[in-house]
> 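Take this structure, written in structure tokens, and hold onto it; I'll ask about it next.
All of these numbers come straight from a predicted model, not from anything done at the bench. Throughout, protein chains are lettered first and strands after them, A, B, ... in sequence-line order, and every chain is numbered starting at 1.
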Amino acid sequence: ETGVTQSPTHLIKTRGQQVTLRCSSQSGHNTVSWYQQALGQGPQFIFQYYREEENGRGNFPPRFSGLQFPNYSSELNVNALELDDSALYLCASSSRGTSHEQYFGPGTRLTVT
Amino acid sequence: SQKIEQNSEALNIQEGKTATLTCNYTNYSPAYLQWYRQDPGRGPVFLLLIRENEKEKRKERLKVTFDTTLKQSLFHITASQPADSATYLCALYNTNAGKSTFGDGTTLTVKP
């Protein structure tokens, strides 16, 4: 059984650019959630995907968007990057019936300059 | 909306002692309370979950209590070890919304 993987590990972008982060869910999991974690803070829920549809969204602007693919992997896209978007982006996978047991990936550290 | 407060930013204890971390919440809605461990530069690792109708849950050296009257959860690590040093996150999983709301964490340091 493979765990949750994310790529890339680190990324540096310039303000105004666009970025795509990727996540492969744990084997057998069909639900993916994305979180943003600023330094010294807890993760903040961005959105969740189930069956390739967005299934709940946190307080993030529309420039944060996502996709889920038939193999349950997922992408997070952020347009028009701002300095405050610098954070650790975490992906968590779960099974629909036990979606309260989330398994997190190692995260992607995004730095916006 | 739900708000989670973890009372201490940092907790330092001696090896062998019991560490007790506190989590308070507001605006309760049907939820499970979760505890995670996070090491620097890593994603959170799920430790324990306690449901609203449960008072206490144990797993090896870990114990979690959930008091819906006080709106508080306590997380205990008994016989603490330096390897227990990490940031511990409390979260409320909203069963209707399918999302977790996290506190900012308490960083525990266990000194040998």
> In the single-linkage hydrophobic clustering (I, L, V, M, F, W, Y; side-chain heavy atoms under 4.5 Å), do B/V110 and B/L47 co-cluster?
yes
> Supply the atom-to-atom distance A/S94 OG to B/F46 CZ, rounded to the nearest 0.5 angstrom.
11.0 Å
> I'd like to know if A/W34 and A/L81 are part of one continuous hydrophobic network [Ile/Leu/Val/Met/Phe/Trp/Tyr, side-chain heavy atoms within less than 4.5 Å].
yes
> Any link between B/L74 and B/L49 through a network of hydrophobic side chains (Ile, Leu, Val, Met, Phe, Trp, Tyr) touching at under 4.5 Å?
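Unlinked, B/L74 and B/L49 end up in two clusters.
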> For each of B/L89, B/D104, B/T107, tally heavy-atom pairs with chain A at distances under 4.5 Å, and name the one with the top tally.
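Top option by heavy-atom pairs under 4.5 Å: B/D104.
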> For A/Y35, is it the side chain, the backbone, both, or neither that has a heavy atom closer than 4.5 Å to a heavy atom of chain B?
side chain
> Establish, yes or no, whether a centroid distance under 6.0 Å links the rings of B/F102 and A/F45.
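No, they do not, as the ring centres are separated by 6.0 Å or more.
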> Check whether A/Q102 gets within reach of chain B through its side chain, its backbone, both or neither, counting any heavy atom under 4.5 Å.
both
> Using only non-hydrogen atoms and a strict under-4.5 angstrom cutoff, which residues of residues 59-73 of chain A touch chain B?
none
> Can you tell me how far CD of B/Q38 sits from CG of A/L90, rounded to the nearest 0.5 angstrom?
6.5 Å
> Can you tell me if A/R51 has over 12 outside heavy atoms packed within less than 6.0 Å of its CZ?
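Counting neighbours around CZ of A/R51, 12 or fewer heavy atoms of other residues, nucleotides or ligands fall under 6.0 Å, so no.
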> Do you reckon B/F75 sits in the same ILVMFWY cluster as B/I50, going by side-chain contacts under 4.5 Å, direct or chained?
yes
> Walk me through it: do B/K99 and A/R57 pass the test side chain to side chain contact (heavy atoms under 4.5 Å, CB included)?
CA-CA 9 Å; B/K99 68 170 188 175; A/R57 188 179 183 93; over 6 Å; no
> Within a radius of less than 6.0 Å around CG of B/L70, do more than 12 heavy atoms belonging to other residues, nucleotides or ligands occur?
yes
> Determine whether more than 12 heavy atoms belonging to other residues, nucleotides or ligands lie under 6.0 Å from atom CD of B/E60.
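Not more than 12 within 6.0 Å, no.
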> With distance as the sole criterion, is a donor-acceptor pair present between the side chains of B/Q34 and A/E101 under 3.5 Å?
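There is no such pair between these side chains.
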> Above 12 or not: heavy atoms from other molecules or residues under 6.0 Å from CG of A/L83?
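For A/L83, atom CG is crowded (more than 12 foreign heavy atoms under 6.0 Å).
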> Tell me whether A/L76 is reachable from A/Y50 by hopping between hydrophobic residues (I, L, V, M, F, W, Y) whose side-chain heavy atoms are closer than 4.5 Å.
no
> Just how far is it from atom OG of B/S100 to atom CD of A/Q44, taken to the nearest 0.5 Å?
11.5 Å
> Check whether A/Q6 gets within reach of chain B through its side chain, its backbone, both or neither, counting any heavy atom under 4.5 Å.
neither
> Is it the case that more than 12 heavy atoms not belonging to A/R15 sit under 6.0 Å from its CZ atom?
no
